[in-house]
Amino acid sequence: MDGNNAVDVIIVGGGNAALCAALSAREQGASVLVLERAPEEQRGGNSAYTGGGFRMVHDGVETVRSVVPDLSEGEIVNTDFGRYTAEDYLDDLGRVTQWHCDPDLAETLVRRSTETVQWLHGRGVRFVPRFGRYAFKHEGKFKFFGGTVVEAAGGGRGLVQAEYAAAEKHGVRIRYGTQAKALIRGRGGVHAVRCDVDGEEQDFACRAVVLAAGGFEANREWRTRYLGPGWDLAKVRGTRYNTGDGIRMALDIGAQAYGQWSGCHSVSWERYAPDFGELDRPITASRNGYPFSIMVNAEGKRFVDEGADFRNYTYAKYGRIVLEQPGSYAWHVFDSQVEHLLHEEYRSKGTTRVQADTLEELVAKMEDVNPPQFLKTVREFNAAIARDVPFNPNVKDGRSTQGLAIEKSNWALALEKPPYCAYAVTCGITFTFGGLKIDTRTHVLDMADRAIPGLYAAGELVGGLFYFNYPGSSGLMAGSVFGRMAGREAAEHARTGAAAAA
Ligand SMILES: Cc1cc2nc3c(=O)[nH]c(=O)nc-3n(C[C@H](O)[C@H](O)[C@H](O)COP(=O)(O)OP(=O)(O)OC[C@H]3O[C@@H](n4cnc5c(N)ncnc54)[C@H](O)[C@@H]3O)c2cc1C
């Protein structure tokens with residue numbers, strides 16, 4: 001290692017948080033090196049697997065237009081974007097995390113959300129309205145629900161492609177196939193990163209480091225160790241490269257563990273999906289239509305309120321509940337009244353789907369489900385529905401059951417119009433919630449809440465924001481807000497702090 005050849009800022013990781021940090025550090029005039037563990041064709045971490053959704057504070061069409069300038073008149077007239085205030089966002093974060101989320105981090109995320117999406121737009125990321133998934137057409141007009149109105153054009157792959165293009169254009173250096181293993185700390189703070197490059201150890205010198213290497217969801221051993229028994233068998237929805245390296249490297253030099261280490265984002269996922277995500281078809285294994293279904297387990301019993309809330313507020317915690325069922329699988333069962341509401345992934349190659357004209361025939365085709373109990377479950381469910389309340393998928397319609405051990409709070413439609421169909425699911429893990437403690441300027445903190453000089457963090461390896469659950473599309477938003485800030489802070493440290501210590 002030659003200290004004279006040090007770059008100002010090293011970014012560990014190559015997903016959205018990392019690229020936001022790289023772009024922002026570069027904007028401050030710092031020289032920047034991105035170390036991405038994945039090979040170039042698999043770059044981008046989980047960010048590349050996403051639908052590209054961003055949850056930001058917005059005031060309806062005017063905010064949307066600030067990041068989607070080519071919004072057409074037709075789209076404006078035929079869409080109700082609603083509003084999503086800072087208070088709504090903070091309430092959602094508080095409510096779904098059972099009020100555990102760190103209030104300072106939450107406040108920072110929320111208050112900086114809109115300007116950060118606008119900043120990304122200014123760096124060449126194109127956004128489009130999130131029609132289809134987050135808006136249903138009702139009486140000729142699209143109405144958005146659940147807080148998320150825009151996504152990056154081309155989804156996660158489009159987002160990552162635009163970010164790498166901007167990084168390259170602005171002179172950020174990128175090394176692929178470079179796995180960071182350790183942080184080297186001296187008198188002035190962290191000043192180098194030890195890496196494995198094709199099996200050979202190499203040190204890269206710098207003046208500050210931003211860790212943005214994702215969570216530990218792809219580490220089977222850590223999953224079992226921290227999330228608990230059974231998690232070794234969960235399917236990983238995204239990249240195989242997020243094994244907790246960034247977290248471990250920081251803990252090794254005294255950083256503080258923070259957030260919910262036993263918690264994660266996990267969803268209903270195709271039962272026979274591969275062990276890791278597939279970058280060329282990243283969401284085809286998603287099974288998000290369950291609010292319009294009944295979900296049954298091997299015993300033929302319902303086990304959760306499928307309609308407790310909009311999908312956006314329940315999907316991330318229901319994977320765990322599926323994992324906890326006997327055999328860690330379940331079936332989503334629909335009838336013909338709602339099949340048109342299911343997204344296209346329900347029709348994708350590799351979907352485990354059965355269909356029949358009677359419930360008796362259907363359950364005979366559902367592997368490993370107790371038929372008499374299933375038929376009893378459906379009979380009781382159908383009989384418990386408040387049929388006088390109209391069904392409306394756009395709002396929490398209050399069409400519920402009454403008198404069941406586990407009620408369905410909304411969208412309760414009797415299973416009575418054949419053909420019936422059922423989809424087999426298991427638990428797919430998206431990302432882990434536990435990680436490092438940072439302050440609101442992204443300094444990584446030690447056990448005494450002191451900043452470790454020259455060390456910053458952003459993205460999923462930061463703990464404290466999400467517990468038990470997650471409001472959909474907050475991950476990219478958090479990575480962008482804190483990544484952007486980490487890049488700026490690291491550049492500033494490289495300019496002033498490291499120089500002062502030299
Ligand atoms: C299928 C799917 C759909 C999703 N949809 C959405 C959505 O629409 N909206 C949303 O907000 N969130 C979504 N998420 C969650 C979202 O992916 C994360 O919140 C976000 O991408 C995290 O960004 P990140 O930069 O922290 O991590 P990542 O994007 O995972 O990046 C981590 C990077 O670190 C690299 N890395 C790991 N270890 C090392 C090492 N030792 N050395 C060097 N590099 C290393 C990895 O290769 C990777 O490039 C989705 C996730 C999945 C899997």
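Atoms within each ligand, like the ligands themselves, are counted from 1 in listed order. No hydrogens, no waters, no symmetry mates; every other heavy atom, side chains included, goes into these values.
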task = Salt-bridge test for Arg347 and Glu344: reply yes if a basic N is under 4.0 Å from a carboxylate O, no otherwise.
result = no
key: Salt bridge Asp309-Arg95, side-chain N to carboxylate O under 4.0 Å   = yes
request  = Measure Leu35 to ligand 1 on non-hydrogen atoms and call it side chain, backbone, both or neither using the 4.0 Å cut-off.
outcome  = backbone
query = Would you call Arg83 and Asp88 a salt bridge, taking side-chain N to carboxylate O under 4.0 Å as the test?
reply = no
task = Taking only heavy atoms of Gly51 into account, list the atoms of ligand 1 that are under 4.0 Å away from them.
result = 5 (N), 8 (O)
Per-atom contacts of ligand 1 with Ala212, taking only distances under 4.0 Å to non-hydrogen atoms = 32 (C), 33 (C), 34 (O)
query = Relative to Tyr329, does Arg271 satisfy both conditions: NZ or CZ under 6.0 angstrom from the six-membered ring centre, and within 45 degrees of the ring's axis?
reply = yes
query = Would you call Arg484 and Glu115 a salt bridge, using N to O less than 4.0 angstrom?
reply = yes
inquiry  = We want to know whether Ser266 and Arg320 form a side-chain donor-acceptor pair, criterion being a heavy-atom distance below 3.5 angstrom.
reply    = no
remark   = In ligand 1, the atoms that come under 4.0 Å of a heavy atom of Gly475 are 11 (O), 19 (O)
Residue-ligand contact Thr178/ligand 1, heavy atom below 4.0 Å = yes
query = Heavy-atom contact under 4.0 Å between Glu278 and ligand 1?
reply = no
query = Is the NZ or CZ atom of Arg223 positioned over Phe216's six-membered ring, under 6.0 angstrom from the centre and within 45° of the axis?
reply = no
ask   = Using a heavy-atom cut-off of under 4.0 Å, does the side chain or the backbone of Ser474 touch ligand 1, or both, or neither?
value = backbone
message = Which of the numbered atoms in ligand 1 are under 4.0 angstrom from any heavy atom belonging to Thr430?
response = 50 (C), 51 (C), 52 (C), 53 (C)
message = Quick check on Tyr470 - does any of its heavy atoms sit under 4.0 Å from an atom of ligand 1?
response = yes
query = Side chain, backbone, both or neither: which part of Met249 comes within less than 4.0 Å of ligand 1 when only heavy atoms are counted?
reply = neither
query = Would Gly44 count as a contact of ligand 1 if the rule is a heavy atom under 4.0 Å away?
reply = yes
message = Measuring from atom 34 (O) of ligand 1, which candidate in Ala213, Gly277, Ser47 has the nearest non-hydrogen atom?
response = Ala213
message = Taking a cutoff of less than 4.0 Å between a non-hydrogen atom of the residue and any ligand atom, is Gly479 in contact with ligand 1?
response = no
